[in-house]
Amino acid sequence: QVQLAESGGGLVQAGGSLRLSCAAAGRTFSYYVMAWFSQAPGKEREFVAAITWSGGITLYADSVKGRFTISRDNAKNTGYLQMNSLKPEDTAVYYCAAGGWGTGVSNYYAWGQGTQVTVSS
């Protein structure tokens, strides 16, 4: 089992940027698809982005296309989510996940504890 830990969240003004990191430990991180999900208060957890083990294929939710970039460095066992042009509606807890390919929560079986991102208007 792989263990995940997110960092990099915080408070930022609309239009600003943040870079989230996801540090992996345990089983070899490079074996897994990595994804990011977000969960706003009172809402279900939603898919944000995913990246294959090699980094060759990425997938994004329509709401973040052109603004967010997912990447990974398997040598460092770390994944990233670069978030640019942030909007107040991006405010949520962001979770890193590892597992199989897809946009559903059930596609992933390892989760981090989450990091809060708050975007002020």
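Position 1 is the first residue of the sequence, and the numbers go up from there.
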K.L.:
Can you see which heavy atom on Gln1 is nearest to which on Gln3, and at what distance?
P.N.:
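Of all heavy-atom pairs spanning Gln1 and Gln3, the closest is O-NE2, 3.2 Å.
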K.L.:
Within a strict 4.5 Å, meaning less than it, do heavy atoms of the Phe47 and Trp36 side chains meet?
P.N.:
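SC-SC contact between Phe47 and Trp36 ruled out.
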K.L.:
In the structure I gave you, are the side-chain heavy atoms of Thr115 and Tyr95 within less than 4.5 Å of one another anywhere?
P.N.:
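Result no, sub-4.5 Å side-chain heavy-atom pair not found.
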K.L.:
Restricting to non-hydrogen atoms, name the atom on Trp101 and the atom on Thr58 that form the minimum distance, rounded to 0.1 Å.
P.N.:
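Heavy atoms of Trp101 and Thr58 come nearest at CH2-C, 4.2 Å.
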K.L.:
Please report the C-alpha distance between Trp111 and Arg45 in whole Å, then the side-chain angles of each, then the deciding distance to 0.1 Å, and finally whether the side-chain contact (heavy atoms from CB on, under 4.5 Å) criterion is met.
P.N.:
CA-CA 12 Å; Trp111 294 85; Arg45 196 166 295 189; 3.3 Å; yes
K.L.:
For Ser17 versus Ser85, what's the shortest heavy-atom pair and its separation?
P.N.:
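Looks like OG-N, 4.3 Å.
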K.L.:
Verify whether one side chain among Thr78 and Asp73 offers a donor that lies under 3.5 Å from an acceptor in the other.
P.N.:
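The answer is no; no qualifying pair exists.
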K.L.:
Could you tell me which non-hydrogen atom of Ala92 sits nearest to which non-hydrogen atom of Ala40, and how far apart they are?
P.N.:
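Closest approach of Ala92 to Ala40, heavy atoms only: CB-N, 3.8 Å.
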K.L.:
Just so I know, are the side chains of Gln116 and Thr118 near enough to count as touching, which here means a heavy-atom distance under 4.5 Å?
P.N.:
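The answer is yes, as the side chains (C-beta and beyond) meet within the 4.5 Å cut-off.
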K.L.:
Would you verify whether the NZ or CZ of Arg72 falls within 45 degrees of the ring axis of Tyr80 while also being under 6.0 Å from that six-membered ring's centre?
P.N.:
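So Arg72 doesn't make the cation-pi contact.
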K.L.:
Going by side-chain hydrogen bond (donor to acceptor under 3.5 Å, both in side chains), name the residues that satisfy it together with Ser7, two or more places apart in sequence or in a different chain.
P.N.:
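Partners of Ser7 by the side-chain hydrogen bond (donor to acceptor under 3.5 Å, both in side chains) criterion come out as none, since no residue qualifies.
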K.L.:
Taking salt bridge (charged side-chain N to carboxylate O under 4.0 Å, His left out) as the test, write out the residues that go with Lys65, two or more places apart.
P.N.:
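Per chain and number, Lys65 pairs via salt bridge (charged side-chain N to carboxylate O under 4.0 Å, His left out) with Asp62.
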K.L.:
So which atom in Ala24 and which in Val2 form the shortest heavy-atom distance, rounded to 0.1 Å?
P.N.:
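Closest heavy-atom pair between Ala24 and Val2: CB-CG2, 3.9 Å.
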K.L.:
By the salt bridge (Lys or Arg N to Asp or Glu O under 4.0 Å) test, which pairs, at least two apart or in different chains, include something from residues 80-98?
P.N.:
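Applying salt bridge (Lys or Arg N to Asp or Glu O under 4.0 Å) to every pair that reaches into residues 80-98, excluding sequence neighbours, yields Arg67-Asp90.
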K.L.:
Do Val105 and Glu44 touch side chain to side chain, with heavy atoms closer than 4.5 Å?
P.N.:
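Result no, sub-4.5 Å side-chain heavy-atom pair not found.
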K.L.:
Taking atom CD as the centre, does Gln13 end up with more than 12 heavy-atom neighbours from other residues, nucleotides or ligands that are less than 6.0 angstrom away?
P.N.:
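At most 12 heavy atoms, drawn from other residues, nucleotides or ligands, come within 6.0 Å of this atom.
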K.L.:
Determine the minimum heavy-atom distance between Tyr32 and Ala98, stating which atoms define it.
P.N.:
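So the minimum-distance heavy-atom pair works out to CB-CB, 4.0 Å.
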K.L.:
What's the separation between atom OH in Tyr60 and atom CD1 in Ile70, rounded to the nearest 0.5 Å?
P.N.:
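Nearest 0.5 Å value for the OH-CD1 distance: 6.5 Å.
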K.L.:
Rounded to the nearest 0.5 Å, what's the gap from CD on Glu46 to OH on Tyr94? Could you check?
P.N.:
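Output value for this atom pair is 9.0 Å.
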K.L.:
Could you tell me the separation between the OH atom of Tyr108 and the OG1 atom of Thr103, rounded to the nearest 0.5 Å?
P.N.:
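Tyr108 atom OH to Thr103 atom OG1 measures 7.5 Å (nearest 0.5 Å).
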K.L.:
Would you indicate whether the side-chain heavy atoms of Leu81 and Val48 approach each other to under 4.5 Å?
P.N.:
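Side-chain contact under 4.5 Å: yes.
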K.L.:
Is there side-chain contact between Leu20 and Met83, with at least one heavy-atom pair below 4.5 Å?
P.N.:
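A side-chain contact under 4.5 Å exists here.
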K.L.:
So Met34 and Thr52, do their side chains get closer than 4.5 Å, heavy atoms only?
P.N.:
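Of all side-chain heavy-atom pairs linking Met34 with Thr52, none is under 4.5 Å.
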K.L.:
How many angstroms lie between CD in Gln82 and CG in Leu18, if you round to the nearest 0.5 Å?
P.N.:
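Rounded to the nearest 0.5 Å, the CD-CG separation comes out at 8.5 Å.
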K.L.:
Would you say that more than 12 heavy atoms from the other residues, nucleotides or ligands in this model lie under 6.0 Å from the CG of Leu11, or not?
P.N.:
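Atom CG in Leu11 is packed in, count exceeds 12.
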